[in-house]
Number of protein chains: 2
Amino acid sequence: MSARTGRPPKISRADIVSAAHRIIDEEGVSGLTMRRLAREVGTTPMALYHHVQDKDELLQLLLDDYASGMPRPELPDGEGERIVVAAVAMRQALIGVPWTVEVLRADDLVSVHALWYPETIIDAAVRAGLTPETAVDLYRIIWHYTAGEISARAAAGRRREGGKPTYRSRLFANLDAAELPRLAALGERWEELTARDTYEKGVRAIVQGLLPMSASS
Amino acid sequence: MSARTGRPPKISRADIVSAAHRIIDEEGVSGLTMRRLAREVGTTPMALYHHVQDKDELLQLLLDDYASGMPRPELPDGEGERIVVAAVAMRQALIGVPWTVEVLRADDLVSVHALWYPETIIDAAVRAGLTPETAVDLYRIIWHYTAGEISARAAAGRRREGGKPTYRSRLFANLDAAELPRLAALGERWEELTARDTYEKGVRAIVQGLLPMSASS
DNA sequence: ACCTGAACACCGTTCAAGT
DNA sequence: ACCTGAACACCGTTCAAGT
């Protein structure tokens, strides 16, 4: 039908996106630059700008692509438990790609494919007896908690592999026991205690604190 | 006493830190570059490296400087309420300087002056009957929640002033009501609902969900 | 001891030109 | 229509030299 004219394309958006995924997997988001990406695809940096508007659009594309593969777990009957399961799945999906949280936070980048999680959580909350408004509050509180946990986890990972002289442990070793008795008492154990995975515990606390008694257990 | 020799210094660490604060206040963290900082101080970029090891150390210095001015509110008697007050104060202190959260998250940068908050929260939790281990869990859950909330808030602010075509509202306008009924029903109201400040509500939920019944109210 | 200048190895993006 | 090359306006940091 349409009169396709002009030079045939050498690269496609799909090529670009998959190359970007490869780079991120191997070198992290910080390794993803337009120039590095061009090398991976086998073109010049400027050829990319013919397929995406700018780096932000590229990240959006990447996010959509990833979100479409996020798992949707089986949901249990109880409303409170359903929220916990959805939240844990959401966090699990993000844990492998912490850069998405950075991108999500950095701008108004949301993917349609990821909306199953808020939908599920808000639906369960309403069924448990909350108003839609309060259900949105519950979801947002869980989201903020999740985003913060993922970021802290990612930073901790970087710290470990960076092998820096652990400023934190030096700090904890020299605490003034008179001013900060609890922290001083914990001392050495801080590292070990903060390594524990307490995500689900937090979600359960939030759910229990916000859902009507009967539904939260 | 000591034989101070050599060329007298033109700039000090204090000069650098205060100039950095000025830049951040006016242009945000992203505006803080070694070159821009050198211009503000009135030297060359390389002169800075004589006073700080690298940009990371500079950020650490900045954080310490800011943390030393963080307010320590009057604490109420009830343990649960004490935790809420400390958390709200911590968040309030960070809200004006969201870049600190980005720095804190980005690496193992903690400041001694900011440790009053975890100390207070953990102490109240232990007094309420939690084991030290569980008290640390409670603190970390609150911290993750707080960090996530601050980041989301900072991103939302950037979004508003950036005046981008609000991808999010376009997304919400075109939702499939069959697949995402709750979100579709919320539709237009999403923007308004997510603008509400629900931080304290979240902290209360976490406290109520984790403290023994008697102490949390 | 403290500061400077030139340089290295990078960024994202614009602009004008080529096929 | 799609791609290229050169260029602009940036980064953090190293290195050798100046006072």
Side-chain angles (χ1 to χ4, degrees), chain A residues 1-20 22-24 26-63 99 102-103 106-107 109 158 162 164, chain B residues 1-20 23-24 26-63 99 102-103 106-109 158 162 164:
Chain A
M1 202 60 153
S2 65
R4 312 275 227 95
T5 62
R7 189 168 171 170
K10 282 173 69 174
I11 58 169
S12 67
R13 271 164 93 103
D15 293 338
I16 292 174
V17 169
S18 74
R22 244 177 294 140
I23 293 170
I24 285 180
E26 283 162 31
E27 304 162 39
V29 226
S30 64
L32 182 68
T33 69
M34 297 304 270
R35 297 167 124 102
R36 172 78 186 79
L37 181 56
R39 236 190 312 141
E40 184 80 16
V41 177
T43 26
T44 61
M46 290 322 302
L48 302 175
Y49 284 86
H50 224 269
H51 300 265
V52 299
Q53 254 200 353
D54 52 20
K55 202 183 174 180
D56 267 5
E57 205 199 56
L58 173 68
L59 290 171
Q60 174 68 53
L61 240 47
L62 236 39
L63 207 60
W99 60 270
E102 286 168 48
V103 172
D107 222 325
L109 306 170
R158 260 177 268 137
K164 289 206 181 167
Chain B
M1 205 60 154
S2 64
R4 313 271 226 93
T5 63
R7 191 168 170 169
K10 282 173 70 175
I11 57 170
S12 68
R13 271 164 93 104
D15 293 337
I16 293 175
V17 168
S18 75
I23 293 171
I24 285 180
E26 284 162 30
E27 304 163 39
V29 224
S30 64
L32 183 69
T33 70
M34 296 305 269
R35 295 166 124 101
R36 172 77 186 79
L37 182 57
R39 235 188 314 139
E40 185 80 17
V41 177
T43 25
T44 60
M46 290 322 301
L48 302 175
Y49 284 87
H50 223 268
H51 300 266
V52 299
Q53 254 198 354
D54 52 21
K55 201 182 176 182
D56 267 4
E57 204 200 53
L58 173 67
L59 290 171
Q60 174 68 52
L61 240 44
L62 236 38
L63 208 60
W99 60 268
E102 287 168 46
V103 171
D107 222 323
D108 194 10
L109 305 171
R158 260 177 268 136
K164 288 205 182 168

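All chains are named by letter (A, B, ...) in the order of the sequence lines, taking the proteins before the strands, and each is independently numbered beginning at 1.
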Take atom CG of B:Leu37 and atom P of D:dC11, then tell me their distance rounded to the nearest Å.
11 Å

Does a side-chain N or O of A:Thr43 approach OP1 or OP2 of D:dC3 to a distance below 4.0 Å, or not?
no

Looking only at the side chain of A:Met46 (C-beta and beyond, no hydrogens), which of the listed nucleotides C:dT14, C:dT13, D:dG12 gets closest?
C:dT14

Less than 4.0 angstrom between a side-chain N/O of A:Thr33 and OP1 or OP2 of C:dC11, yes or no?
yes

Does a nitrogen or oxygen in the side chain of A:Lys55 sit under 4.0 Å from OP1 or OP2 of C:dG12?
yes

Using a 3.5 Å limit on both pairing distances, list the dot-bracket string of DNA chain D from the 5' end; Watson-Crick and G-U wobble pairs count, crossing pairs take [ ], interstrand pairs take |.
||.|||||...|||||.||

Please report, rounded to the nearest Å, how far the P atom of C:dG12 is from the CD atom of A:Gln53.
16 Å

Residue pairs, two or more places apart or on separate chains, that pass salt bridge (charged side-chain N to carboxylate O under 4.0 Å, His left out) and touch residues 45-54 of chain B:
none

Between D:dC15 (P) and B:Tyr49 (OH): distance, integer Å:
13 Å

I'd like to check A:Lys10 versus A:Asp15 (side-chain heavy atoms, cut-off strictly below 4.5 Å). Are they in contact?
no

Less than 4.5 Å apart, side chain to side chain, heavy atoms only: is that true for A:His51 and A:Val17?
no

Can you tell me how far the CG atom of B:Leu58 sits from the CZ atom of B:Arg13, to the nearest 0.5 Å?
9.5 Å

Mind checking whether A:Trp99 and A:Leu62 have side chains closer than 4.5 Å, heavy atoms only?
yes

Under 4.0 angstrom between A:His51 side-chain N/O and D:dA1 OP1 or OP2
no

Would you mind reading off the distance between A:Asp54 atom CG and C:dC11 atom C1', rounded to a whole angstrom?
15 Å

Interatomic distance where CZ belongs to A:Arg39 and P belongs to D:dC3 [whole Å]:
19 Å

If you compare all heavy atoms of A:Pro45 against all heavy atoms of A:Arg35, which two are closest, and at what distance to 0.1 Å?
CG-CG, 4.1 Å

To the nearest Å, give me how far apart CD (B:Glu57) and P (D:dT13) are.
11 Å

In whole Å, I'd like the distance from the CE atom of A:Met34 to the P atom of D:dC10.
20 Å

Is A:His50 close enough to D:dT4 that one of its side-chain N or O atoms is under 4.0 Å from OP1 or OP2 there?
no

N or O in side chain of B:Lys10 less than 4.0 angstrom from C:dT4 OP1/OP2
yes

Quick one: A:Arg13 CZ to D:dC2 C1', roughly how many Å, whole number?
15 Å

For A:Ala19, which residues count as a side chain to side chain contact (heavy atoms under 4.5 Å, CB included) partner, sequence neighbours excluded?
A:Arg22, A:Leu37, A:Glu40, A:Val41

For C:dA9 and D:dA9, measure between their P atoms and round to the nearest Å.
23 Å

